[in-house]
There are 2 protein chains.
Amino acid sequence: MATQTPESPAAAPAARDPERTRSEILAVATREFADKGFAGARVDEIAAKTRTTKRMIYYYFGGKENLYIAVLELAYTGIRALERQVDVEHLDPAEAIRRLTALTFDHHESHPDFIRLVSIENIHYARHIVRSEILAGLANPALDTLTRILDRGRAAGQFRRDADPIDVHMMISAFCVFRTANRYTFNAIFKRDMLDPARRDHYQAMIGDLVLEYLTASDGRPAPTA
Amino acid sequence: MATQTPESPAAAPAARDPERTRSEILAVATREFADKGFAGARVDEIAAKTRTTKRMIYYYFGGKENLYIAVLELAYTGIRALERQVDVEHLDPAEAIRRLTALTFDHHESHPDFIRLVSIENIHYARHIVRSEILAGLANPALDTLTRILDRGRAAGQFRRDADPIDVHMMISAFCVFRTANRYTFNAIFKRDMLDPARRDHYQAMIGDLVLEYLTASDGRPAPTA
DNA sequence: CGTATAACTAACTAACTAGTACATACATTG
DNA sequence: CAATGTATGTACTAGTTAGTTAGTTATACG
């Protein structure tokens with residue numbers, strides 16, 4: 001007997017389950033906002049796609065904009081949790097960069113809705129991120145990881161000394177985000193699907209090469225010779 | 001006497017000027033769609049910001065969606081015209097790459113509305129580009145230019161032989177587009193404005209270095225030694 | 001048990017929004 | 001200078017959309 005709730009053994013739509021109601025609204029809203037943007041998404045449609053009613057959206061979230069912010073908060077905290085799991089401390093700096101880059105690459109590929117939400121939020125000048133207390137002060141595990149790798153690489157004389165963590169993070173993100181975020185216009189214009197599985201390994205290696213070549217290039221200053 | 005009659009040469013609101021009416025609607029619509037997206041933009045507001053009425057939008061463009069497509073067409077053809085003016089044929093391949101990269105960089109920086117429209121269009125899965133006959137078959141001067149540079153660079157034994165023009169174009173675009181398109185969320189999270197004039201030269205040089213280092217790196221094949 | 005409260009539903013509304021009907025002024029040309 | 005099509009403005013409408021009102025039902029807890 002696969003009972004879902006303590007007292008109800010019926011497999012019927014669980015009558016009362018605030019936890020599930022809330023998270024179902026969030027899940028559906030994530031899809032809708034990511035698909036159509038803030039202005040394009042419809043509260044009525046979000047409600048219709050859940051097993052509950054529109055009233056519940058207002059009950060739990062207070063309004064369309066707050067729901068959108070809740071969606072952003074969930075998306076960002078989820079991504080950050082994943083980033084925190086990355087462990088490359090045991091790897092040689094160059095290998096660690098390659099691994100971090102590959103993981104970021106995989107990550108963006110497997111979370112297109114997140115990338116879409118970020119694009120949408122940029123169209124809104126990041127207004128909602130700034131307004132959200134949760135998001136405004138969210139730590140960035142990927143950047144911390146990268147900072148440690150760069151420190152190790154510099155100490156070992158492997159990496160250029162003027163490499164800035166935020167810049168390197170930007171490089172990696174730029175490539176990985178572009179590939180997903182601009183997939184459709186790029187394909188319409190160049191007739192090339194940047195997410196074609198046949199080209200996946202090629203692009204994953206390319207961004208790794210790119211970053212490593214940058215990091216191991218001379219910075220024009222007296223560097224400790226290997 | 002500021003007469004508005006047919007024969008008045010006065011600088012007063014030109015009574016009849018279809019050319020101006022049309023282009024004014026397009027200019028205002030470009031700003032509105034770039035600012036708020038397709039769903040977020042309001043036909044009434046676009047009309048209010050022109051010197052004409054909503055009726056004229058329907059008269060000239062037929063509807064909101066067609067107006068949006070017209071905006072895209074104008075934006076893309078304008079950008080393509082600029083790209084066509086790039087002349088780097090007289091430069092050494094490496095210098096040509098640096099110049100093309102710098103021009104692309106400048107270009108994206110000075111056309112944020114275009115980048116926004118591209119982001120918006122990606123949110124719409126490039127549906128309108130595909131529908132537009134003008135856009136679907138628009139040549140890409142930047143890619144042609146790049147292809148010729150790469151050919152010259154390979155012939156001179158300066159560039160790796162497996163460098164693909166579309167891939168290289170993608171690299172350049174990724175960096176330049178990301179910097180503009182993701183400016184707001186990036187700044188909200190990392191407290192760094194990627195468009196800060198103080199960092200402009202740094203980033204312009206960085207993308208140039210990045211691409212050149214990639215192109216001059218060994219491709220693991222027997223290459224003509226310099 | 002019974003009652004307070006949290007979870008929930010259905011129906012409604014006021015405001016907005018894309019698009020249109022209709023009337024008319026202007027300009028070109030025969 | 002008539003007449004005909006182009007360009008334009010005003011006022012309207014039908015449909016949509018975020019948000020609300022007024023309640024009902026389940027559950028926890030004394």
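Remember, predicted model here, so these are calculated numbers, not experimental data. Chain letters run A, B, ... following the sequence lines, proteins first, then strands; residues in each count from 1.
Within the 4.0 Å cut-off from OP1 or OP2 of dA7(C), not a single side-chain nitrogen or oxygen of Thr21(A) is found. OP1 and OP2 of dA7(C) both lie 4.0 Å or more from every side-chain N or O belonging to Thr52(A).
Annotation: the span from Leu215(A) atom CG to Asp162(A) atom CG amounts to 9.5 Å, rounded to 0.5 Å. The distance from the CD1 atom of Ile172(B) to the CE atom of Met170(B) is 12.0 Å, given to the nearest 0.5 Å.
Here Tyr214(A) and Tyr214(B) keep their ring centres 6.0 angstrom or further from each other. For Phe33(B) and Tyr68(B), the ring centers sit closer than 6.0 Å to each other.
No side-chain donor from either of Glu121(A) and Thr185(B) sits under 3.5 Å from a side-chain acceptor of the other. Counting only N and O atoms by type, the side chains of Tyr125(B) and Asn187(A) include no donor and acceptor under 3.5 Å apart.
The aromatic rings of His128(A) and His124(A) sit perpendicular to each other, their planes meeting at more than 60°, with 30° as the lower class boundary.
Glu65(B) has its CD atom 18 Å from the P atom of dT17(C), to the nearest Å. Rounded to whole angstrom, the span from the CD atom of Glu24(B) across to the C1' atom of dT8(D) amounts to 14 Å. Nucleotide dA6(C) holds its C1' atom 14 Å from the CD atom of Glu19(A), rounded to whole Å. Between the NZ atom of Lys64(B) and the C1' atom of dC16(C) there is a distance of 12 Å, rounded to whole Å.
The number of heavy atoms from other shown groups lying within 6.0 Å of CZ (Arg99(A)) does not exceed 12. Environment of CD in Glu133(B): sparse, with no more than 12 heavy atoms of neighbouring residues, nucleotides or ligands closer than 6.0 Å. Summarising the local packing, CD of Glu19(B) is surrounded by 12 or fewer heavy atoms from other residues, nucleotides or ligands at distances under 6.0 Å.
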Review point. Please walk me through it: do Arg116(A) and Asp113(A) pass side-chain contact (heavy atoms from CB on, under 4.5 Å)?
Key: CA-CA 5 Å; Arg116(A) 294 178 66 88; Asp113(A) 276 357; 4.1 Å; yes
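For DNA chain D, no neighbouring residue in residues 119-131 of chain A is found when judged by any heavy atom under 4.0 Å. For residues 53-61 of chain A, proximity to DNA chain C is found at Thr53(A), Arg55(A), Met56(A), Tyr59(A), Tyr60(A), defined as any non-hydrogen atom under 4.0 angstrom from a strand atom. Annotation: proximity of residues 29-48 of chain A to DNA chain D (heavy atom, distance under 4.0 Å) is found for Ala41(A), Arg42(A), Val43(A), Asp44(A), numbered in ascending order.
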